[in-house]
Participant: 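First the structure, which I've put down as structure tokens, then a few questions once you've had a look.
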Amino acid sequence: MTRSQVLFFALPLLSLAACDTASTTDGANDAAGTGSPYLAKEVVGVHMLSTDRNYDKPFDSVTGEVVRNTFKLGNGTEMELYNHANGGEYHWGTNKVAIYFGGTKPYPSIYHAEYAFDKMYQPSVAAVVDAEPKKAPLSGPQPAGTGDDIAEMSVPEHGHDASMTNDSSSSVSGITAAATRYTTPARTEGRVQAVPEVGDKAVWEPATNTLHILMNNHLLHVQVQTADKPDQKIQRA
């Protein structure tokens with residue numbers, strides 16, 4: 001059978017398959033063996049930015065193989081998994097690696113998450129934000145969350161500019177210089193040191209051997225308790 005003949009017979013079959021009205025409980029919709037006929041229909045990452053969905057044992061996605069490869073552990077090394085609602089830990093011998101989110105659910109936006117991050121690890125930056133005069137709402141008794149308080153989001157001196165003057169649609173590339181900066185760079189101050197090119201902002205806390213990461217509207221804490229040198233702990237975290 002020639003190539004053209006194969007295509008001639010295949011196209012009608014594809015059109016029939018596209019019109020298939022099979023039940024949502026068949027094998028194809030079994031979410032890769034999870035037993036849920038509905039999970040497979042959800043778009044991948046659909047809950048990543050959801051602010052009203054609690055974290056539910058997110059450490060399940062960090063397999064033992066990831067830990068073994070990262071810390072160069074042999075197959076004979078026994079590890080114990082401790083899973084919690086907003087994170088988890090792997091223990092082997094006297095060593096431990098822990099990964100936790102900074103709360104029970106994501107923050108409403110990257111700006112809220114960064115403010116919380118700065119309050120904990122960048123106090124000089126948060127102090128400047130706290131000292132800024134707050135503008136009165138444009139209208140309404142409680143406009144927060146309705147979009148009527150959008151003027152409050154314009155903070156160009158800190159690299160954020162959500163004002164109408166920063167509209168990127170009229171630029172040649174479609175992206176303005178200010179619009180590309182969602183967060184201020186991390187600083188080395190107090191008890192933490194800045195770690196570049198990790199998430200949107202990250203700092204390492206030597207006292208607790210923990211890497212604190214701002215990633216979109218999430219805060220993530222990765223703790224490495226091993227006998228490695230400090231630089232190696234940061235790299236593995």
Side-chain angles (χ1 to χ4, degrees), residues 45 48-49 51 55 58-59 61-63 65-73 86-90 95-103 105-132 153-163 166 168 171 173-237:
M48 183 177 179
L49 300 179
T51 59
Y55 297 124
F59 204 64
S61 62
V62 183
T63 64
E65 285 304 311
V66 172
V67 177
R68 288 184 187 278
N69 292 336
T70 301
F71 294 88
K72 311 301 181 184
L73 304 178
N86 66 325
E89 304 175 2
Y90 269 109
N95 306 290
K96 179 183 77 171
V97 57
I99 304 178
Y100 285 94
F101 282 99
K105 63 179 63 177
Y107 286 86
S109 73
I110 189 173
Y111 303 109
H112 292 81
E114 184 187 25
Y115 179 74
F117 182 96
D118 289 345
K119 289 289 283 187
M120 290 184 284
Y121 312 114
Q122 308 278 265
S124 64
V125 179
V128 174
V129 176
D130 289 338
E132 291 174 350
M153 297 175 62
S154 178
V155 194
E157 60 269 28
H158 290 98
H160 308 160
D161 190 357
S163 65
N166 190 36
S168 61
S171 65
S173 63
I175 301 177
T176 66
T180 61
R181 298 193 301 268
Y182 295 106
T183 64
T184 58
R187 301 179 181 180
T188 297
E189 63 172 280
R191 67 184 192 277
V192 301
Q193 64 185 73
V195 179
E197 300 180 2
V198 176
D200 290 294
K201 179 187 293 191
V203 294
W204 173 257
E205 187 175 1
T208 60
N209 295 310
T210 304
L211 182 65
H212 306 287
I213 307 166
L214 167 67
M215 182 65 179
N216 209 316
N217 57 337
H218 306 270
L219 292 188
L220 194 64
H221 309 282
V222 183
Q223 185 180 49
V224 175
Q225 297 284 21
T226 62
D228 298 320
K229 295 180 179 179
D231 289 345
Q232 192 171 25
K233 289 182 181 180
I234 297 175
Q235 182 62 33
R236 286 178 166 173

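All figures in this text were calculated on a predicted structure; none of them were measured in a lab. FYI, the numbering just counts along the sequence from 1.
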Participant: For the side chain to side chain contact (heavy atoms under 4.5 Å, CB included) test, which of Val203, Asn209, Thr208 pairs with Glu205?
Facilitator: Thr208
Participant: Is there side-chain contact between Val97 and Arg236, with heavy atoms separated by less than 4.5 Å?
Facilitator: no
Participant: Return yes if some donor-acceptor pair links the side-chain N/O of Asn217 with the main-chain N/O of Pro108 below 3.5 Å, else return no.
Facilitator: no
Participant: Quick one: sort the Tyr55 and His218 rings into parallel, tilted or perpendicular, breaks at 30° and 60°.
Facilitator: tilted
Participant: Over all heavy atoms of both residues, which pair between Tyr90 and Val67 is shortest? Give the atoms and the distance, please.
Facilitator: CD1-CG2, 3.5 Å
Participant: Determine the minimum heavy-atom distance between Arg187 and Ser124, stating which atoms define it.
Facilitator: NH1-OG, 3.5 Å
Participant: Can you give me the closest heavy-atom contact between Ala227 and Asn95, atom names plus distance?
Facilitator: N-OD1, 3.9 Å
Participant: With heavy-atom distances below 4.5 Å as the criterion, would you say the side chains of Val192 and Trp204 are in contact?
Facilitator: no
Participant: Go through the side-chain N and O atoms of Glu114 and Thr184 and say whether any donor and acceptor fall under 3.5 Å apart.
Facilitator: yes
Participant: Between Gln235 and Asp228, is the side-chain contact (heavy atoms from CB on, under 4.5 Å) condition met? List the steps.
Facilitator: CA-CA 10 Å; Gln235 182 62 33; Asp228 298 320; over 6 Å; no
Participant: Work out which heavy atom in Thr226 is nearest to a heavy atom in Phe71; give both atom names and the distance.
Facilitator: CG2-CE2, 4.0 Å
Participant: Within the structure provided, determine whether His212 and Leu219 are in side-chain contact (heavy-atom separation under 4.5 Å).
Facilitator: no
Participant: Please check this pair: side chain of Thr183 against backbone of Asp200, looking for a donor-acceptor N/O pair closer than 3.5 Å.
Facilitator: yes
Participant: How long is the gap from CD1 on Ile213 to NE2 on His221, to the nearest 0.5 Å?
Facilitator: 9.5 Å
Participant: Any heavy-atom pair between the side chains of Tyr121 and Glu189 that's under 4.5 Å?
Facilitator: no
